[in-house]
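A short worksheet on the structure shown next.
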Amino acid sequence: MAHNRVAVVTGGTRGIGRSICEEFQDQDYTIVATYHGSEEQAQRFRDETSIHTWRFDVGDYDVCQKACAEITGTWGPIDILINNAGITRDATIMKMTAKDWDDVIRVNLTSCFNMCKAVFPSMRQRRFGRIINIGSINGQAGQYGQVNYAAAKEGIHGFTKALALEGAKYGITVNAVAPGYVNTEMVRAVPEEVLDKIIAQIPMGRLGRAQDIARAVVFLCDEDADFTTGSTISINGGHHMY
Ligand code: NDP
């Protein structure tokens with residue numbers, strides 16, 4: 001099937017986002033990977049993949065509207081949006097600062113609103129859209145030291161269901177993918193002894209690979225996946241069954 005679709009992957013220059021971009025390359029989409037902090041990672045990504053990139057903060061509403069308008073002006077209307085960018089600022093509530101809370105809610109959850117506001121009107125007009133929001137096992141199950149992250153990620157799951165209801169009659173599907181522990185920089189930052197304990201709890205006996213998540217995202221974006229909406233696909237090696 002001919003695609004010629006424009007796909008934007010936030011936080012697409014490394015980790016899970018990069019893997020999603022690479023799977024999309026096999027699907028022949030025009031892909032734009034966004035990033036914010038790490039120019040060096042983005043340069044390496046461009047050199048190795050030749051995929052377009054755009055630098056902006058997904059937590060800033062006005063910046064997102066402008067960036068999506070510019071991407072549309074350059075490559076055409078955005079058909080597929082993957083809200084993947086995310087951060088952690090872990091601490092128990094005793095130690096978590098208001099800034100830790102705000103930053104995590106802003107980058108993980110408010111970003112979904114910011115980006116969907118930018119793309120939804122055009123998807124609605126063109127009666128096609130695929131929106132995938134990357135949630136987390138820790139939103140579904142909770143996690144010690146992560147009240148901010150768990151709240152943001154579970155918020156994503158509610159956001160997904162509500163927006164799916166609004167998109168359905170316009171051919172827009174909205175789904176979430178909830179990864180378990182995946183071997184990226186985010187997880188490599190977890191102390192080794194903690195990680196060993198986590199792996200011991202995963203029935204499949206290993207961390208996830210970024211490709212495990214990317215393959216599900218590609219499936220959900222297919223033109224023929226138009227009856228799947230408002231769902232959350234959990235990919236966690238059996239770690240948490242929700
Ligand atoms: P990484 O830390 O490897 O990458 C995060 C990406 O998000 C980077 O590209 C980063 O850009 C981008 N980003 C961070 N802040 C902003 C911002 N303000 N504006 C725009 N982009 C930003 O993360 P992972 O690949 O591990 O995770 C991807 C998603 O999957 C996240 O939403 C995460 O919460 C979720 N997830 C991950 C799990 C895991 O085990 N790894 C488990 C469950 C969920 P830059 O490089 O410029 O900093």
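The residues of the chain are indexed from 1 along the displayed sequence. Each ligand, and each atom within it, is numbered from 1 in the order the structure gives. Small disclaimer: the values here were computed from a predicted structure and weren't measured.
Closest protein heavy atom to atom 13 (N) of ligand 1: Ala85 CB, 3.9 Å. The protein heavy-atom contact nearest to atom 14 (C) of ligand 1 is Ile87 CG2, 3.7 Å. Closest to atom 19 (N) of ligand 1, if we only count protein heavy atoms, is Val58 N, 3.0 Å. Of the protein's non-hydrogen atoms, Ile134 CG2, 3.3 Å is the one closest to atom 30 (O) of ligand 1. Scanning all protein heavy atoms for the shortest distance to atom 34 (O) of ligand 1 gives Tyr149 OH, 2.5 Å. What sits closest to atom 38 (C) of ligand 1 on the protein, heavy atoms only, is Gly180 O, 3.9 Å. The nearest heavy-atom contact from the protein to atom 5 (C) of ligand 1 is Gly86 O, 3.8 Å. Protein heavy atom at the shortest distance from atom 6 (C) of ligand 1 is Gly11 CA, 3.7 Å.
The 12-atom threshold is exceeded at CD of Glu48, counting heavy atoms of other residues, nucleotides or ligands nearer than 6.0 Å.
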Could you go through residues 182-191 and list every donor-acceptor pair under 3.5 Å that involves a side-chain atom there, pairing it with any protein atom two or more places apart or in another chain?
| unit_1 | atom_1 | unit_2 | atom_2 | d |
| --- | --- | --- | --- | --- |
| Asn183 | OD1 | Arg188 | NH1 | 3.0 |
| Thr184 | OG1 | Met186 | N | 3.3 |
| Glu185 | OE1 | Arg14 | NH1 | 3.2 |
| Glu185 | OE2 | Gln41 | NE2 | 3.0 |
| Arg188 | NH1 | Asn183 | O | 3.3 |

Hey, can you pull the donor-acceptor pairs under 3.5 Å for the side chains in residues 113-122, sequence neighbours left out?
| unit_1 | atom_1 | unit_2 | atom_2 | d |
| --- | --- | --- | --- | --- |
| Asn114 | ND2 | Val58 | O | 3.0 |
| Asn114 | ND2 | Gly59 | O | 3.4 |
| Ser122 | OG | Arg126 | NE | 3.0 |
| Ser122 | OG | Arg126 | NH2 | 2.9 |

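In terms of polar-atom proximity, defined here as any N/O pair under 3.5 Å, Thr184 does make such a contact with ligand 1. Polar contact check, Val182 against ligand 1: a nitrogen or oxygen pair lies under 3.5 Å apart. Ligand 1 has no N or O atom lying under 3.5 Å from any N or O atom of Glu185, backbone or side chain. Looking at ligand 1, you'll find an N or O of Ser38 within less than 3.5 Å of one of its N or O atoms. Residue Gly37 has at least one nitrogen or oxygen atom sitting less than 3.5 Å from a nitrogen or oxygen atom of ligand 1, judged on distance alone.
At distances below 3.5 Å, at least one donor-acceptor pair connects side-chain atoms of Asn84 with backbone N or O atoms of Gly11. With hydrogens and angles disregarded, a donor-acceptor distance shorter than 3.5 Å links the side chain of Asn175 to the backbone of Ser231. Here the side chain of Arg127 pairs no donor or acceptor atom with the backbone of Gly171 at under 3.5 angstrom.
Considering each of Thr13, Ile16, Val104, Thr10, the one bringing a non-hydrogen atom nearest atom 25 (O) of ligand 1 is Ile16. Taking only non-hydrogen atoms, the option from Met115, Arg55, His36, Arg14 nearest to atom 16 (C) of ligand 1 is His36.
Counting only heavy atoms from C-beta outward, the side chains of Thr173 and Thr228 never approach each other to under 4.5 Å. Side-chain contact check for Thr34 versus Val9: every heavy-atom pair is 4.5 Å or farther apart.
Using modelled atom types, one finds a donor on one side chain and an acceptor on the other under 3.5 Å when comparing Arg124 with Tyr170.
Nearest heavy-atom pair across Phe45 and His52 is CE2-O, 4.5 Å.
Counting heavy atoms under 4.0 Å from ligand 1, residue Asp57 touches it through both backbone and side chain. Contacts between Asn84 and ligand 1, counted as non-hydrogen atom pairs separated by less than 4.0 Å, involve both the backbone and the side chain. Under 4.0 angstrom from ligand 1, the non-hydrogen atoms of Phe56 all belong to its backbone.
Applying the side-chain hydrogen bond (donor to acceptor under 3.5 Å, both in side chains) test between His157 and each of Glu154, Lys161, Lys153 identifies Glu154 as the sole match.
With Phe128 as the aromatic partner, Arg5 meets the cation-pi criteria of under 6.0 angstrom to the ring centre and within 45 degrees of the ring axis.
Ligand-side atoms of ligand 1 in range of Tyr181: 40 (O), range being under 4.0 angstrom from any heavy atom.
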